[in-house]
Amino acid sequence: MAINAPRGTKDVLPDEVYKWQYVESFIRRWTALFGYKEIRTPVFEHTELFQRGVGDTTDIVQKEMYTFEDKGNRSITLKPEGTAGVVRAYIEHKLYAEAQPIKLYYLSPIFRYERPQAGRLREHHQFGIEAFGSYAPSIDAEIVDLAMSLLNDLGLKDLEIHINSIGCKKCRPVYHKALMGYLADRLDQLCDTCRSRYDKNPLRILDCKEKSCQAVLTDAPDIVDYLCDDCKKHFDSFQNYLSAMGYKYEVDSRIVRGLDYYTRTVFEILSTDERSPGTICGGGRYDDLVEQCGGPSMPGAGFGMGLERLLMCMDSQGIVIPAPKGPDLFIAAVGEQAYNYSIGLASMLRKRDISVEIDHVARSLKGQFKYADKLKAQYVLVIGSDEMASGYVSCKNMSTGQDQRMKLDNIAEQLHSLLH
RNA sequence: GUGGAUGUAGUUCAGCUGGUUAGAGCGCCAGGUUGUGGCCCUGGAGGUCGUGGGUUCAAGUCCCACCAUUCACCCCA
């Protein structure tokens, strides 16, 4: 009976991990430059956290969560997004009592029960950041800047920044009313899902891709016209800061995001490249979330970035991630006595910071060379009974093909000078 | 959740309108003189043709179901 990986999951095999490590190293570099510290939270949380945080009316909570009961009858859910858990930790450990803002980042698997397709998995991985404790639009701009700096540094081209403001507790209800008023006598032209969204979350209708709905929406009231003075000022400064950083962006009043916790700023970074999976980064501000989850009234802002999509995007743009080097040295031993000696030599050389490979399946000398070649070893040392007796070995440079005699007793020093 | 496509060796695929021991490239292993790789040549290992039913004298090839993969929609990273 063959067991395979569950639907929508993927193994990252050794011949590919280096790509992940490469991207992760860029992430660590840029988060450090911006002063974001890593936080690691559990892969699962109490289901209630996501219901309260992400929002009961969202698709994510309604139909995409991996929820189960544990042996203590607790309802547990695998993270369907990264923010809620970080917010919970921020509250639980009273990080709000420290100097603000608290700037955090995470790398985490994310689980959503969906039908897999290109750029969409049931388990995917996100790099995300969260900045708590500041209402200032400079934070909003900073997180976009961090995302873009990273993406640009990785070599990505043709990126677009789409931004919007969806208001706050004060002004959003006013817009809701206006939108609902506009849609009231056009309900019959909307699709089924949008009709059901009308009462619960009318904002989401703006996001609908149905042609009929889009047609209805062309003359719908624009949220930007309904922002209160504070939100308007916030949005303006945010844009000014983005410009000051040298970014081009597009105000897209139809971005509303699928998570209920956003207030004011929402944004997406997407690739316009045909073969790319669209949005690779999405985020925004969530000024009420901490309070909603049982903490003090503290603002926040952040984003999530899909690593699989990022990798996909880099791949489709032809960005080559440098493959790791092979071992410094391969020791090819001939005969049992020489092999015995070579095992000890390999152990010693590794302790001297030289990466060494040696045969473990009893290959012939020729086989060992072929294997060394496959491993991309830089040098091959041949040791047989002659070498054991004379105390000299031959060291072959695998890229030039040249042999050179080396004395065994200070071999580590000689190798070090060869390796640079 | 809705709709389409696909499922043959480790891998990429071929296998014509159903007909005898299922093929190729790459990869893997071994040889091409006695202790030397990358190229070339030769040979070898490796498949219950996704699974289970059905039609037929006969099925990898036709039909059905299931499973899986993949693409689009929905949603999102």
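Per chain, numbering begins at 1; letters A, B, ... match sequence-line order. Side chains included, hydrogens not; waters and symmetry mates left out as well; all remaining heavy atoms used.
- Ranked by how close their nearest RNA chain B nucleotide is to the 5' end, Gly8(A) and Met398(A) are led by Met398(A).
- The base of rG37(B) does not come close enough to the side chain of Lys374(A) for any donor and acceptor atom to sit less than 3.5 Å apart.
- Spacing between rG37(B) and rA24(B) at atom P, rounded to whole Å, works out to 27 Å.
- Base pairing annotation: rU36(B) forms no Watson-Crick or G-U wobble pair, as no partner gives both donor-acceptor distances under 3.5 Å.
- Between the side chains of Ser355(A) and Asp328(A), at least one donor-acceptor pair of N or O atoms lies under 3.5 Å.
- Nearest-nucleotide positions on RNA chain B place Ala5(A) closer to the 5' end than the other of Glu81(A) and Ala5(A).
- Distance, Tyr262(A) OH to rA77(B) P: 6 Å, rounded to whole Å.
- Heavy atoms of Ser394(A) sit under 4.0 angstrom from at least one base atom.
- Rounded to whole Å, atom C1' of rA77(B) lies 12 Å from atom CZ of Phe267(A).
- Distance check on atom P: rU11(B) versus rU51(B) gives 14 Å, rounded to whole Å.
- Atom name P, nucleotides rU48(B) and rC57(B): the rounded distance is 29 Å, in whole Å.
- With respect to Glu142(A) and Lys103(A), a salt bridge is recorded, a charged nitrogen being found less than 4.0 Å from a carboxylate O.
- Distance noted for atom P between rU17(B) and rG4(B): 24 Å (whole Å).
- Using the Watson-Crick or G-U wobble rule with both distances under 3.5 Å, rC73(B) pairs with rG1(B).
- Ser253(A) places no side-chain N or O within 3.5 Å of a backbone atom of Asp222(A) that could act as its donor or acceptor partner.
- Between Arg112(A) and Glu81(A), none of the side-chain N atoms (NZ, or NE/NH1/NH2) sits under 4.0 Å from a carboxylate O, so this pair counts as no salt bridge.
- Ser342(A) approaches Ile358(A) most closely through the heavy-atom pair CB-CD1, 3.7 Å.
- With rA77(B), rU36(B), rG35(B) as the candidates, the nucleotide lying closest to the side chain of Leu259(A) is rA77(B).
- Electrostatic pairing of Arg29(A) and Asp153(A) counts as a salt bridge here, judged by a charged N lying under 4.0 Å from a carboxylate O.
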Give me, pair by pair, the N or O atoms of the protein and of nucleotides 1-4 of chain B that are less than 3.5 Å apart, along with how far apart they are.
unit_1 : atom_1 : unit_2    : atom_2 : d
rU2(B) : O4     : Arg115(A) : NE     : 3.4
rU2(B) : O4     : Arg115(A) : NH1    : 2.9
rG3(B) : O6     : Arg115(A) : NH2    : 2.9

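- Taking CD of Glu24(A) as the start and NZ of Lys19(A) as the end, the distance is 14.0 Å to the nearest 0.5 Å.
- Side-chain atoms of Glu45(A) do not come within 3.5 Å of backbone N or O of Thr77(A) as any donor-acceptor pair.
- Nucleotides rG47(B) and rG10(B) are separated by 7 Å at their P atoms, to the nearest Å.
- In a base pair of the Watson-Crick type (N1 to N3 plus N6-O4 or O6-N4) or a G-U wobble (N1-O2 and O6-N3), with each distance short of 3.5 Å, rG7(B) is matched with rC67(B).
- Among Tyr105(A), Tyr36(A), Tyr106(A), Tyr90(A), the single residue meeting the side-chain contact (heavy atoms from CB on, under 4.5 Å) criterion with Glu130(A) is Tyr106(A).
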Walk me through it: do Thr83(A) and Tyr261(A) pass the test side-chain hydrogen bond (donor to acceptor under 3.5 Å, both in side chains)? CA-CA 10 Å; Thr83(A) 303; Tyr261(A) 51 64; 3.3 Å; yes
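- If you look at Tyr175(A) and Tyr226(A), their ring centroids are closer than 6.0 Å.
- For the pair Arg122(A) and Tyr113(A), the distance from NZ or CZ to the six-membered ring centre is under 6.0 Å and the angle to the ring normal is within 45 degrees.
- Here Arg7(A) reaches the OP1 or OP2 of rU69(B): one of its side-chain N or O atoms lies under 4.0 Å away.
- Residues of residues 363-370 of chain A having a heavy atom closer than 4.0 Å to RNA chain B, listed by number: Arg363(A), Leu365(A), Lys366(A), Phe369(A), Lys370(A).
- Atom name C1', nucleotides rG7(B) and rG52(B): the rounded distance is 15 Å, in whole Å.
- Listed for the Arg74(A) side chain is no donor-acceptor partner under 3.5 Å among the backbone atoms of His46(A).
- Taking atom CG of Leu375(A) as the reference point, atom C1' of rG38(B) lies 13 Å away to the nearest angstrom.
- Side-chain N/O atoms of Asp373(A) and base N/O atoms of rG38(B) include no donor-acceptor pair closer than 3.5 Å.
- Aromatic rings from Phe26(A) and Tyr22(A) are positioned such that their centres are separated by under 6.0 Å.
- Straight-line distance from the NZ atom of Lys10(A) to the P atom of rU69(B): 11 Å, rounded to whole Å.
- Rounding to whole angstrom units, CG of residue Leu121(A) and C1' of rU69(B) are separated by 13 Å.
- One interatomic measurement links the two molecules: CG of Asp403(A) to P of rU36(B), which rounds to 11 Å at whole-angstrom precision.
- Across all strands shown, rG54(B) is found opposite rC62(B) as a Watson-Crick or G-U wobble partner, with both distances under 3.5 Å.
- No engagement by Ser108(A) is indicated, since no non-hydrogen atom pair under 4.0 Å with the nucleic acid exists.
- Nucleotides rG31(B) and rU21(B) have their P atoms positioned 34 Å apart, rounded to a whole Å.
- Both distances falling under 3.5 Å, in either a Watson-Crick or a G-U wobble arrangement, occur for no nucleotide opposite rG27(B).
- Going from atom CD1 of Ile60(A) over to atom C1' of rC74(B) covers 13 Å, rounded to whole Å.
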Readout for nucleotides 5-10 of chain B: B = base within 4.0 Å of protein heavy atom, S = sugar-phosphate only, - = neither; 5' to 3' it is ------
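- In this structure, CD of Glu64(A) is placed 10 Å from P of rA77(B), rounded to the nearest angstrom.
- In this structure, rA45(B) forms no base pair with any nucleotide, since neither Watson-Crick nor G-U wobble geometry is met with both distances under 3.5 Å.
- Here Glu387(A) lies in heavy-atom contact (under 4.0 Å) with a base.
- Annotation: rC26(B) and rA72(B) have their C1' atoms spaced 32 Å apart (nearest Å).
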